[in-house]
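First the proteins, then the strands, lettered A, B, ... as listed; each starts at 1.
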Amino acid sequence: MKIDRRSFLAFGVGGAAGTALSPLPWKLTDDSSIWSQRWPWVPIPVDGKIGYAQSTCMLCPGGCGITVRKIDDRPVKIEGQEGHPVNQGGICILGMAGLQFLYGPSRVKTPLKRTGKRGQGQWAQISWEAALNEVAEKLGTLRADGRPQGLACMTDTERGTIPALLKRFMTVYGSPNFIGPASAQDAQETAVRAMAGVDGTVGFDVEKADLILSFGSGLLDGWGSPVRMFQAYSNRQDRKTQIVQIDSRLSNTAAKSDRWISINPGTEGTLALGLAYHIIAKSFYNKVFVDNFSAGFDSFKQKVMADFSPAKVAEITGVPADIISELALQFATAHRPLAICGRGRGSAPGALSDTMAVLALNALVGSINSDGGVRFLPDPGYIFWPDPDLDPIALKGNEQSRLDGAGTGQFSHTRSLPNRFFEQFGSDQRNVPEIMLIADANPLYTLRDTKAVQAALDQIPFIVSFSSFMDETAQQADLILPNHTFLERYQDVPAPAGFTRPFIGLARPVVAPQYNTRHLGDVIIALAGQLKGTIIRAFGWDNYLACLKDTLDERWEGMIEKGFWMDDHFSSPSWDAMFTTGTGRFEFNGEKVASDPWTGAVAAEGDSSTFPLILVPYDSIRLAGGSIGNPPFMMKTVAATVLVKADVFVEINPETARKYQLNEGTPAMLTTPKGEGKVRIHLSEGIMPGLVAMPTGLGHTAFDDFLAGKGVNVNELVGPVEDAASGFDAAWGIRAKLAKA
Amino acid sequence: MSNPSDTTQPEKSESPAATPGTESSGGAVVILFFIFGLAASMVLGWVIFPTLLYSKKKQPVDFNHALHVVEVENGCQSCHFFREDGTFSGRPTLESCVTCHESVQGATEEEARFVSQYVEKNREVPWLVYAQQPDCVFFSHAAHTIKGKMDCVTCHGHIGESDHLPIYEVNRITGYSRNIWGRNIAGIKRNTWDRMKMDDCSECHIRENVRQASVQTEKGGCFVCHK
C-alpha cells in the first residue's frame, strides 16, 4: 500500500465530509455566537426578590418622593413615588440617575487624612476614632485659646435638623460663623421678610395660575421643584394657562412657552417695574389690596413713574414699548396672574431689587396668598429644642460679628452671604477662620470667582469636609469624614422649593451603608461628646435618629409610613392678618432695606472696550447644578451642541460669529476680567447678538472621569457683584471677549 | 520549466497499461483513506467533541426531590413558589430549607454536610441551575404555568421524581448548562423537556397560537421573549 499525496487528500476530504456529518461545526457555530454575547464585561443583573423602599430625594431643593426598586437588598432603580404631593409619581433625570451617587466611583469610602500637599489627592485611610479625635483635639485647642469664633461652618441648606444641629454646635462652641447658601430661594425669602415681615418660605401656585409670567425662571430647566414644574407645564392646556417666558435666550423653557419675550440679560427687574408703570398709570391695580393692606405705595408709585417710564424701560430692557404695555394689560386683566423670579434654576440669588420688583408686581394685582398667586408660608416649625446653656467662652465668641456680615446692619434681612464670607479674608488676616467645617456645600465649584475662593481656602489652616463624594472642596480638605449618601440615611427634608403648603419630607435609608461612612448627625453628637461640658449638654440625644424622632414627635409615625408630613388643613391667612411688618401691611419698598432698592439693573463687570461681549450662564435640566456633580447617565444625554469630548460649546448669534470670523465648531478662547477658558462655537438664532451663553454644571475638576475635565466651570469666568441692598451676589453675567484659538 | 519531474511525467503516461494493479490498489487506498478520515472526524465530532465541550460539576449538595415531594404538603410549589408580586422564586433560598432543616434530619452524609456547611454558617447554597436561560431572554413562570396552565414536567422533565441530582454539565464555551442544548449532541429531542433552545420555545408558541407580538410595541416574534 502506497501512501501518497492523493491518500492525504482523500483523508482530508473524508475528514471534511465526516465533520460536516457530525454536530461539531453546527454546535460550535451556535456556541460561539452565544459566547460572543457573554463577554466578561457585559453586566448581567443578579436575579432575586423584588422589593420597594420609599424615601425622599435630596439631590436638589425640590424634595420629591421616590420609590426605590430593589432586587433582594440591592437598589436597582429610582422611580417617583405615586401620590406624593410634590411630584405625583413623576421623577426627573437627576433623580432617576440617583443610584450612581450610591455606587459611583467618586464616593469617599472611609475617613481620609491628607498626606500630600493640599489638592494633590494623596490620602491615608484612617479610622473614625482617629478622625474624630483629631477634629475634637483641634476644636478643643482653639476653644481653650479663647478664639471659638475662629471656627466656621458652611452648608448647602439652612433647613431641617442637620443644619440646626450644626448651628447649635456652633452656638454652644461659641462661633457665629454658620454660613448657609444664598440662592434665588433665599433671595425670595429675604424679600418676603423685608416686604411682608413673614419669616418662612415662598410658594408659587403654578397649578392654579392662569397666566404665569416668568422673569427668566427656567421652569423646564430645573427651577423650583422640577417635576412639579414639568407637570404644571404639561397640563396647562387643560387649564387654559398661558406661560410667558422672559429670557435673554431661547432656553428650553422659552421654546416650550406660549410666548417668549427676548430681553437684555440682567434687566428682568426693570421690566417688572416697567409693567408696574402701566398697571399703576392705567389704574389696573387691585385697589382693595393696595388701599387697605399695603404701605409705601405712594413712594413706590412716584419712583416707578419717575424712573421706569415706558421709553426708558424699553431702552434698558430691549423689549419694545408696545409689547411692554400689552404684557402689562395681559397680566393685570388675567384672573389669576402669577409672576415668578429666580434666573434659570435659581442657584444664584441675584439683586434683592429684582425679586422685590416681581413680588411688588404680584402685590399690585393682588396675587398674594390667593389661588394661583404667591404664598408666604410660615416655616414648618417643628424644631423646638430648649435654648442651650452657654459657657463664658461661648458667650464671648457669639458676641463677635459674623464674617459675612449677614443678619446685621445693612444686611439685616439676609441669613447668609457665602460670597462675602470668603471675600472678607483678604481685608484682614484676623478674619481668616482657623478651622472650617464644610457639610454638603461645594463652594470651590459653586461660588463665583473660584480662583478667589481657592485663595481664601488656602489661608484656612484646617478644613474638615463631611462630603460623601470627592468633590472640588473635599479635595482641598485636610480631613474628610464622609457622610452617608441620601439613600443610606434618615433626614428630614422640609419645605420643597416653591411648594404651597407647609411640608416636611423624610429621607429613609433604602439600603444599608455601602462603605465605612457615618451619618453627619451622629458625627456632630460624637464631636460634642468629646468636647464635653456645656457642649455635650446641648445634645441630649444618644444619636441622630433619636434626635430626629424626638424632634418630629407625633409626626414621626405618619412620616415613616407615608414619607412626608403635610398640613392638610393649612389655609393662608387673609390679607388683614398676614403681614407682620411694623405697619402690619405689605411694604412695597421693603422694611429696613438700607439702600434704595429701586436703583435699576445691575451692570455686568468689566469695561466694554476690552470686553465687547457679555457672557451669560444658562442652566439645563441635563446638567446637575449646585454642589452635585453630573452623574454619568446624565452626561450621556448632554447634546453635541453643548459638549463634545472635553470641549464645551458657547452659544452665539451668527451675526456675532461673522463679526469675529467664527464658525460652527470653531475653537475659541473666551476671556473675561476673571479668567479665560477654551471653548467651541455653536451658532444659534435663539440668542441676541453680543451675548455668549455658556452652560453651568461643567468644568468640574473633581468627581469621576465621566465628569472631571470636561468643559469650563462658568463660575471661574464670572465674578460676584455685591448687591448694596442685601449683600447677595447680584451678578447675572460678565463682560467677555471671544477670539479664535 | 527545469523541474525534473516534468521530464519523467511523459514516460509514465506512455505506459499506463503496464501497471493496472497499481492503479486499482491506488484507488482502494484513496477510498480507505477517505473512510479513515470520515470515521476519525465522525468519532471526533460525535464522541470526543461532546466530552471536551462539557465540563462536569457536582452540585454543592445532593438533593433528593422524590423524598421531599412526599414530605412537603404542596408539591413542587412548596419550595418553588410564586412571590406575592407574581414573580417566581425559582430555587429555594436557605430560608425555606431552614424551616425543617434547622438541625440534621435523617442520617445521610449529605444532610449532615448541608446543615454544617450551609445552615449553621447561614450561607446560601450555590446551586447550579440546569434551566438557566441567558439574560436576554424574558421568561415568566406565571405566564406559562398559571395563564398557560402548563405543568412543571413539560419543561423540567421528571426531576421532581429523582433520588439524586444529576451531574451538572457546563458548556466550556458558552457557560450555559447542557440541558439547554440537550443531552443529544445532534440536538435531537424525543420529549418536550429534552431541549430548551429558542426554537423549542417558538415551536410551542406557534402551536399553541400564542400572541406573536409584544403587547407594548406591537412588534412581532422576537419581542415576545427578547424585550
Most chain B-contacting option - heavy-atom pairs closer than 4.5 Å, from A:P25, A:G12, A:G18, A:A16: A:G18
Option that, when pairs with chain B are counted at under 4.5 Å, heavy atom only, ranks first among A:S36, A:S32, A:A10: A:A10
Above 12 or not: heavy atoms from other molecules or residues under 6.0 Å from [atom1] of [X]?
X: B:Y168; atom1: OH; result: yes
X: A:D705; atom1: CG; result: no
X: A:D542; atom1: CG; result: no
X: B:R91; atom1: CZ; result: no
X: B:E102; atom1: CD; result: no
X: A:W35; atom1: CH2; result: no
X: B:Q117; atom1: CD; result: yes
X: A:D73; atom1: CG; result: no

What's the spacing between [X] [atom1] and [Y] [atom2] if we round to 0.5 Å?
X: B:D85; Y: A:Y52; atom1: CG; atom2: OH; answer: 7.5 Å
X: A:S7; Y: B:F36; atom1: OG; atom2: CZ; answer: 10.5 Å
X: A:K27; Y: B:W181; atom1: NZ; atom2: CH2; answer: 5.0 Å
X: B:S41; Y: A:L21; atom1: OG; atom2: CG; answer: 8.0 Å

Within-4.5 Å side-chain heavy-atom neighbours: A:S22 and B:L44: no
Any side-chain heavy-atom pair of B:N171 and A:D31 under 4.5 Å: yes
Taking all heavy atoms of [X] and all of [Y], pick out the closest pair and write down the distance.
X: A:Q37; Y: B:C136; value: OE1-SG, 4.3 Å
X: A:P23; Y: B:G45; value: CD-O, 3.7 Å
X: A:A17; Y: B:F34; value: CB-CZ, 4.2 Å

Let me know if [X] has heavy atoms under 4.5 Å from chain A in its side chain, its backbone, both or neither.
X: B:L53; result: side chain
X: B:T87; result: side chain
X: B:I185; result: both

Ring-face cation contact, B:Y176 with A:R38, 6.0 Å cut, 45° max: yes
Parallel, tilted or perpendicular, as decided by the 30° and 60° cut-offs, for the rings of B:F33 and A:F8: tilted
Carboxylate-amine/guanidinium contact B:K197 A:D30, below 4.0 Å: yes
